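Since the structure is predicted, the reported quantities are computational estimates derived from the model, not experimental observations.
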Amino acid sequence: MAEAIAILALLFVAFVALGVFVTVKAVKAAKRGVDRTITQARRTVEDTTLRAKTYGTGGVTAELAQLRLSLRTSMRATQDALEAGAAEDASLQESLQLFRRLSAHGHELDADLKRLERDPDRAGVAAQLEELRERTQRIIHSAESLRWAARDRARKFADDDLASLNAQIDVEAGALRHWTVSEQEGLSWPAQPAGTAPDPAVSATSATSAASGASAASAEERTGPAAAGARARSAQEPDAGRGASGPDEPRAITAKDPRQQPFYSWQKSTRPETTN
């Protein structure tokens with residue numbers, strides 16, 4: 001009884017621990033989703049505000065808003081491209097680390113630009129615009145270099161994979177059309193134009209035919225004139241028989257001579273005729 005109670009207590013504790021673990025995981029996942037949604041909403045609002053400042057106002061404020069918007073757009077596009085490529089290509093992990101270091105400089109520059117937007121000294125801010133523009137272009141250029149390199153790498157892999165797939169499909173299509181190979185072998189080879197080198201396969205076939213003809217001729221020479229005469233007589237006998245009897249006349253049936261028939265030991269001998 002005590003053992004059953006202990007087992008039930010352990011099961012209860014295990015179920016409670018499992019429920020707590022699942023609840024904590026669900027809460028963390030929900031929190032990450034809410035944080036992601038809030039971050040995306042804040043980013044969308046900031047981008048819309050920057051676009052409005054770029055189009056609505058002029059002067060130093062519009063220039064700073066344009067720099068911030070260009071920087072944020074380039075850095076976000078590079079981050080998306082590298083994270084998407086790193087999931088399939090492990091070689092992009094180092095590029096992703098470099099981008100994270102570049103992102104630190106990008107966040108620092110964005111904070112400086114945002115602080116200068118609220119600076120009342122417009123003349124001092126205008127004097128720093130050239131330096132800020134140069135820093136922004138350097139960071140954007142580095143981010144674009146990483147992004148386009150990752151895209152070119154992915155495109156190269158896709159092209160190689162497509163070429164390999166096309167070659168495999170061509171081989172499979174040729175195997176499925178196996179009857180066309182026999183039809184092509186039955187066709188005669190076209191005449192080669194003058195001045196072109198002969199095909200090695202055709203030359204080999206011609207040499208084989210010539211060798212077989214030569215071997216047949218040599219075999220005929222070895223058999224001698226007796227075999228040639230026998231073949232000639234066998235070819236002339238049917239023609240002679242047909243010429244004598246005519247094509248339409250029936251041939252006569254000649255009885256066999258019993259004296260010329262072969263005699264076997266198991267056959268009975270014929271009795272002589274008596275003259276009574």
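- Under a hydrophobic clustering in which Ile, Leu, Val, Met, Phe, Trp and Tyr are joined whenever their side-chain heavy atoms come within less than 4.5 Å, directly or via other members, Phe15 and Ile7 fall into the same cluster.
- Counting only residues at least two apart or on different chains, no salt bridge (charged side-chain N to carboxylate O under 4.0 Å, His left out) pair has a member in residues 20-34.
- What you find for Thr136 and Leu67 is that their closest heavy atoms are CG2-O, 3.9 Å.
- Note that the CZ atom of Arg118 and the OG1 atom of Thr61 stand 12.0 Å from one another [nearest 0.5 Å].
- Sorted by first and then second residue, the pairs that involve residues 104-115 and meet salt bridge (charged side-chain N to carboxylate O under 4.0 Å, His left out), not counting sequence neighbours, are Arg68-Asp110, Arg72-Asp110, Asp112-Arg115, Asp112-Arg135.
- Note that CG of Leu109 and CD1 of Ile139 are 4.5 Å apart. Values are rounded to the nearest 0.5 Å.
- One distance of note links NE2 of His141 with OG of Ser74; it measures 11.0 Å at 0.5 Å rounding.
- Taking CG from Leu113 and CG from Asp119, the interatomic distance works out to 12.0 Å, rounded to the nearest 0.5 Å.
- Cluster membership for Met75 and Leu92, using ILVMFWY side-chain heavy atoms within less than 4.5 angstrom, is not shared.
- By the criterion of side-chain heavy atoms lying less than 4.5 angstrom apart, applied directly or through intervening Ile, Leu, Val, Met, Phe, Trp or Tyr residues, Ile140 is not grouped with Trp148; the two fall into different hydrophobic clusters.
- Sorted by first then second residue, the salt bridge (charged side-chain N to carboxylate O under 4.0 Å, His left out) pairs that include residues 120-133, not counting sequence neighbours, are Glu63-Arg133, Glu130-Arg133.
- Closest heavy-atom contact between Ala81 and Arg151: CB-NE, 4.5 Å.
- Considering only heavy atoms from C-beta on, Leu132 comes within 4.5 Å of Leu64 through its side chain.
- Screening residues 157-174 for salt bridge (charged side-chain N to carboxylate O under 4.0 Å, His left out) gives Lys156-Asp160 as the qualifying pairs, with residues at least two apart or on separate chains.
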Please tabulate, one pair per line, all N/O donor-acceptor pairs under 3.5 Å involving side-chain atoms of residues 95-106, not counting sequence neighbours.
residue: Ser103; atom: OG; partner: Phe99; partner atom: O; Å: 2.8

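- One finds the CG atom of Leu82 at 9.0 Å from the CZ atom of Arg147 (value rounded to the nearest 0.5 Å).
- Hydrophobic cluster membership of Phe12, counting Ile, Leu, Val, Met, Phe, Trp and Tyr whose side-chain heavy atoms lie under 4.5 Å apart directly or via other members: Val16, Val20, Val24.
- With values rounded to the nearest 0.5 angstrom, Arg153 atom CZ is found 4.0 Å from Asp89 atom CG.
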